[in-house]
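What follows is a set of notes on a single structure, which appears directly below.
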Amino acid sequence: MNNEVLLEVTGIHKRFEDQVVLCGADMNICSGEVHVLLGQNATGKSTLAKIIAGVAAPDEGRILHGNMDVTAFTKAGML
């Protein structure tokens, strides 16, 4: 099986006013893998998914798609 990293999310931080939602979230998604975000309510699952999808922008961290840094696109709402 090919273990090529398709998406790398590192050090993602997100705050909404005084509420810290994500603090250093990391995730690698490789070719042929399926991932599940699992956890209690209000643990940042939806926020991380929105950041990966480009709907929300991270306050800190990097998002790499292949070898391309796409963090700036998520911050500009372009993904």
Side-chain angles (χ1 to χ4, degrees):
M1 181 173 288
N2 184 359
N3 289 336
E4 175 188 6
V5 176
L6 299 176
L7 187 72
E8 182 177 356
V9 179
T10 58
I12 299 295
H13 290 257
K14 183 67 176 176
R15 294 172 191 83
F16 294 106
E17 296 181 13
D18 292 338
Q19 184 68 38
V20 176
V21 180
L22 294 170
C23 184
D26 297 323
M27 178 182 226
N28 286 339
I29 299 174
C30 295
S31 177
E33 292 183 343
V34 175
H35 289 259
V36 175
L37 295 176
L38 182 67
Q40 296 179 332
N41 290 343
T43 56
K45 301 177 301 291
S46 295
T47 301
L48 181 59
K50 287 177 185 177
I51 289 171
I52 290 170
V55 174
D59 295 330
E60 297 177 37
R62 289 180 58 189
I63 302 170
L64 301 173
H65 182 272
N67 293 326
M68 184 186 306
D69 188 338
V70 296
T71 310
F73 294 107
T74 62
K75 290 183 177 179
M78 300 174 83
L79 280 183

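The structure presented is a predicted model; accordingly, all values stated were derived computationally and were not measured. Side chains included, hydrogens not; waters and symmetry mates left out as well; all remaining heavy atoms used.
- Of all the heavy atoms in I63 and D69, the pair that sits closest is O-OD1, 3.3 Å.
- Applying the side-chain contact (heavy atoms from CB on, under 4.5 Å) test to T10 and every residue at least two apart in sequence or in another chain returns E8, D26, R62.
- L6 forms part of no hydrophobic cluster, judged by ILVMFWY side-chain heavy-atom separations under 4.5 Å.
- I29 and L64 fall into different hydrophobic clusters, where Ile, Leu, Val, Met, Phe, Trp and Tyr residues are linked whenever their side-chain heavy atoms come under 4.5 Å apart, directly or through other members.
- V36 belongs to a hydrophobic cluster whose other members, connected by ILVMFWY side-chain contacts under 4.5 Å either directly or through intermediates, are L38.
- The distance from the SG atom of C30 to the NE2 atom of H35 is 6.5 Å, given to the nearest 0.5 Å.
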Using atom types as modelled, flag every donor-acceptor pair under 3.5 Å from a side chain in residues 14-22 to any protein atom, sequence neighbours excluded.
from: K14; atom 1: NZ; to: A57; atom 2: O; distance (Å): 2.7

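- By the side-chain contact (heavy atoms from CB on, under 4.5 Å) test, L37 is found to be paired with M27, K45, L48, A49, residues two or more places apart in sequence or in another chain being considered.
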